[in-house]
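Report on the following structure.
The figures here come from the full heavy-atom set of this structure, side chains too, leaving out hydrogens, waters and symmetry mates.
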Amino acid sequence: MLSDRARSGTTGIALALVLALFMLQFLGLPDAMVFTLVIAMSWAIAAVGLDLLVGYAGQLSFGQAGFVGFGAYLVTIGRSEPFTLGVGFTVVVSLIAVTFVATVLGWAVTRFSAFGFAVSTFFFAYLVQALANGRALSEWTGGPSGLLVPDLSFGSTSLLFGPGLYNLGCILLALTVLVCGNVVNARTGHQWRMVKYDETVASVCGLSVSRLKVLAFVTCCVTGLVAGLVYSLAVGYLSPDSFNQAASVYLFAMVVVGGMGTLAGPVLGAMLLTVVPQQYLGTGPEATLVFAALTLVFMVLMPRGIMGLLLSLVDARSGRRAPRRDQPTPTTEVAEPPRTPVDVAPGKSLTVSDVTVTFGSFVALERVDIDIAAESFHAIVGPNGAGKTTLLNALSGVAPLSEGTICLDDTDLTRLPARARRRAGVARTFQTPSLVPDLTALENVTLGVPVAGGAQVLRDFLGHWAHRSRDAAACRQAHDALDQIGFPEWRRGVQGADLTMSEQKLIEIARAIASNASVILLDEPTAGLSGSEMSTIADALAALKPRGTTVVLIAHHIDFVRRVADAVTVLDKGTVLAAGPPAQVFDDPKVRDAFLGIDVEEKLEHTQADHSHEMVEERP
């Protein structure tokens with residue numbers, strides 16, 4: 001994991017840092033310091049974009065300096081001979097070019113693992129430097145000799161030096177922070193965090209993992225273009241060596257030292273790692289040694305970086321922590337207005353026919369046939385290793401079938417991926433709760449609410465005003481789901497990492513309900529819970545009965561299954577051992593011998609006598 005937490009609501013802190021930079025110019029700084037701060041601003045713009053990709057979307061890149069150089073050369077070549085285009089037109093053309101290249105490269109590298117992603121982007125930065133330094137494009141790039149940056153003015157104010165360039169750097173840095181802050185705090189940013197923590201869960205929730213990765217990568221690369229514009233104007237002369245692989249490592253170090261997943265941290269890190277070496281250490285081996293040592297110290301001893309540490313200290317001082325389970329609800333004396341329930345999709349039948357799943361030579365499921373009636377609660381039980389979770393993986397599209405078919409009413413799901421099955425109406429929870437730890441309980445539930453239309457992403461970049469009505473509708477649907485399972489109002493603002501195990505399982509169930517699915521697959525909703533917590537889960541599931549949703553659940557606890565299930569299928573060694581109503585199945589001698597090993601009723605009576613408040617767990 002690149003960073004354990006990503007922060008929401010840090011845009012204001014980052015903008016405050018930019019404002020402080022803007023005010024510094026009125027202190028009568030020497031020209032050398034002004035120049036250094038402008039260079040630092042350009043790297044800060046690129047670092048903020050890199051933080052969006054690394055800290056929020058969880059994708060490791062060592063090629064950001066390549067896109068800074070790509071952008072710098074594009075805007076400079078467009079304004080130079082023989083093109084001499086206007087700056088506005090040049091920027092638009094450069095934006096289109098960077099977006100195209102980043103999209104093509106993104107679709108290629110996002111299929112790789114984190115290591116493959118990092119290596120691919122690293123070599124892209126090498127390719128940019130090689131092209132700028134080579135002879136093939138030397139007529140445009142100047143080759144090893146470099147390229148002179150044409151003058152640029154705004155009215156009578158030159159943007160190549162002095163206050164004009166300094167103010168331009170502040171404005172572009174502030175805009176970058178604002179736009180990136182908009183998207184990371186919106187639905188798209190929340191989806192990026194889900195992809196970062198678990199791509200499988202993101203797919204099962206209906207998210208296009210590849211598209212989200214590419215979007216994060218393209219956004220990161222566009223900030224590189226903006227950074228390249230500022231950098232080119234500041235230095236006045238482009239050299240291929242300015243955008244070598246070491247520059248990409250420096251950019252990554254700025255994010256690490258400042259603090260991943262904070263937006264403000266990269267700004268702070270860029271200032272620290274640019275101003276200190278250039279103003280106090282020079283560019284010799286001493287500067288390189290200090291940089292390497294400083295980066296290593298932060299990665300080992302302060303993995304959250306400067307801003308992450310400061311924010312943690314602020315949280316500790318202000319007592320901002322998860323409410324205790326016994327803390328009284330602050331709204332007990334204020335009646336909540338009733339919410340209008342959202343439309344509910346009717347439950348559908350699920351037919352599993354001759355399903356076989358193999359992993360190499362191992363047969364996990366063999367010719368399994370199960371008919372799950374619409375609007376029923378169907379339990380799948382069996383000893384450990386029976387193939388229960390594999391069956392749920394097959395139903396949700398996580399595990400491909402070797403043979404057989406799966407149909408939702410008359411719709412064949414067999415060849416559909418997990419994302420498509422979710423959109424067809426199949427939702428899924430996992431045995432180990434898979435919440436985004438740095439989102440609140442309510443925000444985790446809203447991730448299950450389906451939102452149609454590609455234009456929704458553009459709204460996230462524009463700010464809250466552009467997606468206010470959409471978020472309000474999603475919030476209402478999430479609250480409705482939480483109301484149905486009886487999740488307390490005062491715990492809905494607690495971050496996922498601070499919820500108890502039973503609460504996390506309830507939130508996963510609520511997320512599935514909020515998706516308005518026709519079929520909900522529950523993988524071990526009672527695993528690791530006490531008897532009272534199991535009763536809470538059972539009550540939550542009982543509240544779903546009036547909805548008419550079809551529920552398929554895996555469980556090891558017998559009287560939990562008796563309490564909630566309408567039908568039971570017993571799996572043993574990948575095959576169906578028995579199926580039917582709970583009472584009939586659990587009285588079957590084959591089930592007693594192969595599954596439980598003792599008489600079910602005897603076990604229940606013995607357990608209830610000793611632990612009347614506990615539920616009974618089967619013996620594997």
Side-chain angles (χ1 to χ4, degrees), residues 204 344-357 364-382 386-399 401 403-416 418 420-431 509 512-513 515-526 537-538 540-542 544-558 560-572 574-586 588 591 595:
V204 170
V344 177
K348 296 182 179 180
S349 63
L350 200 60
T351 304
V352 179
S353 302
D354 204 29
V355 164
T356 299
V357 177
L365 294 175
E366 184 175 8
R367 299 190 179 282
V368 171
D369 293 306
I370 304 176
D371 290 322
I372 299 169
E375 302 186 6
S376 69
F377 277 46
H378 197 112
I380 309 294
V381 301
K388 302 184 298 298
T389 298
T390 300
L391 176 61
L392 249 63
N393 288 339
L395 294 176
S396 58
V398 175
L401 305 187
E403 294 180 24
T405 59
I406 297 173
C407 292
L408 182 67
D409 276 358
D410 297 328
T411 303
D412 190 350
L413 304 180
T414 307
R415 299 185 180 278
L416 295 182
R421 295 194 194 192
R422 168 60 202 85
R423 295 190 171 187
V426 178
R428 163 81 187 272
T429 70
F430 291 82
Q431 180 174 349
I509 295 172
I513 295 172
S515 69
N516 203 21
S518 301
V519 176
I520 296 178
L521 311 176
L522 305 180
D523 190 357
E524 299 277 16
T526 59
I537 299 293
L541 295 181
L544 295 183
K545 290 275 188 179
R547 286 176 59 98
T549 305
T550 304
V551 175
V552 181
L553 64 97
I554 293 176
H556 275 97
H557 301 89
I558 299 170
F560 175 82
V561 173
R562 287 178 177 273
R563 178 175 175 181
V564 302
D566 302 314
V568 177
T569 295
V570 180
L571 293 181
D572 184 31
T575 61
V576 175
L577 181 64
Q584 173 186 326
V585 169
F586 291 134
D588 191 328
V591 175
F595 174 36

Could you grab the distance from atom CG of Leu350 to atom OG of Ser518, nearest 0.5 Å is fine? 10.5 Å
Which atom pair, heavy atoms only, marks the closest approach of Arg562 to Pro582? CA-CB, 4.5 Å
Quick one: are Leu522 and Ile554 in side-chain contact, heavy atoms under 4.5 Å? no
Might you point out which heavy atoms bring Ala517 and Gly425 nearest each other, and give the distance in Å? CB-O, 3.3 Å
Distance-minimising heavy-atom pair for Ala379 and Ala565: CB-CB, 3.9 Å
For Asp523 and Thr429, indicate whether the former's side chain and the latter's backbone hold a donor-acceptor pair under 3.5 Å. no
Going through the checks in order, is the side chain to side chain contact (heavy atoms under 4.5 Å, CB included) test met by Val561 and Val381? CA-CA 9 Å; Val561 173; Val381 301; 4.0 Å; yes
Do Asp354 and Asp369 come within less than 4.5 Å of each other through their side chains, counting heavy atoms only? yes
Decide yes or no on side chain to side chain contact (heavy atoms under 4.5 Å, CB included) for Val368 and Thr575, but give the supporting numbers first. CA-CA 6 Å; Val368 171; Thr575 61; 5.7 Å; no
Apply salt bridge (charged side-chain N to carboxylate O under 4.0 Å, His left out) to residues Lys545 and Asp566 and explain how you reach the verdict. CA-CA 11 Å; Lys545 290 275 188 179; Asp566 302 314; 3.1 Å; yes
Could you report the tightest heavy-atom contact between Ala364 and Thr390, atom names first, then the distance? CB-CG2, 3.8 Å
Nearest 0.5 angstrom please: His557 NE2 to Ile537 CD1, how far? 11.5 Å
Between Thr569 and Val576, is there a side-chain heavy-atom distance shorter than 4.5 Å? yes
Sorted by chain and number, sequence neighbours left out, side chain to side chain contact (heavy atoms under 4.5 Å, CB included) with Asp588 holds for Ala578, Lys590, Val591
With side chain to side chain contact (heavy atoms under 4.5 Å, CB included) as the criterion, how do His378 and Ile370 come out once you've worked through the C-alpha distance, each side chain's angles and the decisive distance to 0.1 Å? CA-CA 10 Å; His378 197 112; Ile370 304 176; 3.9 Å; yes
Measure across Ala512 and Ala427 and return the closest heavy-atom pair with its distance rounded to 0.1 Å. CB-CB, 3.9 Å
Distance-only, no hydrogens or angles: does the Arg422 side chain make a donor-acceptor pair with backbone N or O of Arg428 under 3.5 Å? no
Distance col, row Lys348:NZ vs Ile372:CD1, nearest 0.5 angstrom, shows 15.0 Å
Would you say the side chain of Phe377 lies within less than 4.5 Å of the side chain of Val552, judging by non-hydrogen atoms? no
Is any side-chain heavy atom of Ile513 less than 4.5 Å from a side-chain heavy atom of Arg547? yes
Can you name the side chain to side chain contact (heavy atoms under 4.5 Å, CB included) partners of Leu401, sequence neighbours left out? Val355, Val357, Ala394, Ile406, Thr414
Donor-acceptor contact below 3.5 Å, side chain Thr356 vs main chain Arg367: yes
Side chains of Asn393 and Thr389: closer than 4.5 Å at any heavy-atom pair? yes
Please check if the side chain of Lys388 supplies one atom and the backbone of Gly382 the other of a donor-acceptor pair under 3.5 Å. yes
Do the side chains of Leu408 and Thr351 get nearer than 4.5 Å, heavy atoms only? no
Can you check side chain to side chain contact (heavy atoms under 4.5 Å, CB included) on Val570 and Val585, steps first, answer last? CA-CA 8 Å; Val570 180; Val585 169; 3.3 Å; yes
Grab the two heavy atoms, one from Pro546 and one from Ala542, that are nearest each other, plus how far apart they are. CD-O, 3.7 Å
So, the side chain of Ser353 versus the backbone of Gly404: is there a donor-acceptor pair under 3.5 Å, distance only? no
Inter-residue atom distance Leu413.CG - Cys407.SG, 0.5 Å rounding: 7.0 Å
Side chains of Val204 and Phe430: closer than 4.5 Å at any heavy-atom pair? yes
Atom CD of Glu366 and atom CD of Glu403: how far apart are they, to the nearest 0.5 Å? 9.0 Å
